[in-house]
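Just below is one structure, and these are the notes that go with it.
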Number of protein chains: 2
Amino acid sequence: MKKEPNMQNISLDTLFELSEFFKFFGDTTRIRVIHLLLSGEMSVSAIAEKLNLEQSVVSHQLRILRTANLVKPTRDGRKIYYALDDEHIGEIFNTGLAHILHKKKG
Amino acid sequence: MKKEPNMQNISLDTLFELSEFFKFFGDTTRIRVIHLLLSGEMSVSAIAEKLNLEQSVVSHQLRILRTANLVKPTRDGRKIYYALDDEHIGEIFNTGLAHILHKKKG
DNA sequence: TGTATATATGAATTGTTGTTCATGTATTCA
DNA sequence: TGAATACATGAACAACAATTCATATATACA
């Protein structure tokens with residue numbers, strides 16, 4: 001019995017984690033925050049202003065991303081700067097983006 | 001004012017579509033189905049049996065993936081075989097998987 | 001045509017998730 | 001120490017999404 005090239009043996013547990021991981025990208029607010037942070041670190045208030053969102057909305061979503069170690073906070077005085085904390089985020093973002101843009105053309 | 005290398009100008013609309021796209025991968029049932037179909041097309045009942053899920057659960061999720069053109073059905077008699085219908089699915093799946101496996105190693 | 005098989009789907013239910021609003025904590029500075 | 005600023009957080013609410021159960025449709029075959 002032959003295996004196809006793309007097939008891999010992945011545990012149920014890993015598949016669960018994988019879906020949990022993709023969930024972080026599956027929300028408009030979070031993907032906008034991620035997109036913004038691709039250009040560099042930014043304070044909470046700056047993010048909120050740039051995205052025209054309430055501060056608490058941004059804080060709540062940042063907490064989710066922070067808990068998942070996708071962003072990392074650095075305090076400077078009263079401000080807290082958030083930066084992407086995962087090498088794969090840009091890659092995944094761009095792979096998904098390529099799909100969307102390709103679809104738009106076709 | 002200089003732009004960082006990873007920054008791109010992406011419309012709000014595109015970002016919304018992007019998050020919608022990632023949602024498809026953000027569910028355990030769907031990611032398991034996608035994973036299964038990476039090895040080739042499979043009938044609904046075969047998917048349900050392989051994943052130990054009820055037929056209606058699989059059908060409902062396949063409809064979501066079908067509506068998004070991520071899978072494509074082909075009827076053969078009474079059976080309907082579903083196959084992945086997007087070149088980017090495997091790429092996205094594997095990029096996310098790389099992240100999970102990398103994280104597991106510590 | 002009647003029965004069995006394979007799949008799809010609608011409605012109800014349940015669980016989950018995002019936002020809002022109010023408030024709490026930390027820091028700065030006068 | 002008190003006021004202002006920046007951010008975090010808990011609880012309530014609303015919206016959404018997944019599963020379940022019952023049933024409908026389509027095909028095959030006797």
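Note on naming: letters A, B, ... go to the chains in the order of the sequence lines (proteins, then strands), and numbering restarts at 1 for each one.
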Counting primed atoms plus P, OP1 and OP2 as sugar-phosphate and everything else as base, spell out the protein contacts along nucleotides 15-30 of chain C at 4.0 Å heavy-atom distance: B, S or - for each nucleotide, 5' to 3'. --SSSBB-----BB--
Any donor-acceptor pair under 3.5 Å linking the side chain of B:Arg66 with the backbone of B:Tyr82? no
How many Å lie between [atom1] on [X] and [atom2] on [N], as a whole number?
X	N	atom1	atom2	answer
B:Leu65	C:dA8	CG	C1'	15 Å
B:Glu49	C:dA6	CD	P	10 Å
B:Met42	C:dT7	CE	P	12 Å
B:Ile80	C:dA6	CD1	P	12 Å
A:Tyr81	D:dA6	OH	P	10 Å
A:Glu41	D:dC7	CD	P	12 Å

With a cut-off of less than 4.0 Å, is there a side-chain N or O of A:Arg63 near OP1 or OP2 of D:dG10? no
Hey, is the side chain of B:Tyr82 poking within less than 4.0 Å of OP1 or OP2 on C:dA8, counting only N and O atoms? yes
Would you please name every residue forming a side-chain contact (heavy atoms from CB on, under 4.5 Å) with A:Asp86, sequence neighbours left out? A:Leu70, A:His88, A:Ile89, B:His99
Identify, with sequence neighbours excluded, every residue that meets side-chain contact (heavy atoms from CB on, under 4.5 Å) alongside A:Thr28. A:Arg32, B:Phe16, B:Ser19
In this structure, are over 12 heavy atoms from other groups packed under 6.0 Å from B:Lys79 atom NZ? no
Within the structure provided, determine whether A:Thr95 and B:Phe93 are in side-chain contact (heavy-atom separation under 4.5 Å). no
Mind checking B:Ser45 for me? I need base, sugar-phosphate or nothing, with any heavy atom below 4.0 Å counting as a touch. sugar-phosphate
If every non-hydrogen atom of A:Ile80 is compared with every non-hydrogen atom of A:Pro73, which pair is closest and at what distance? CG2-CB, 3.7 Å
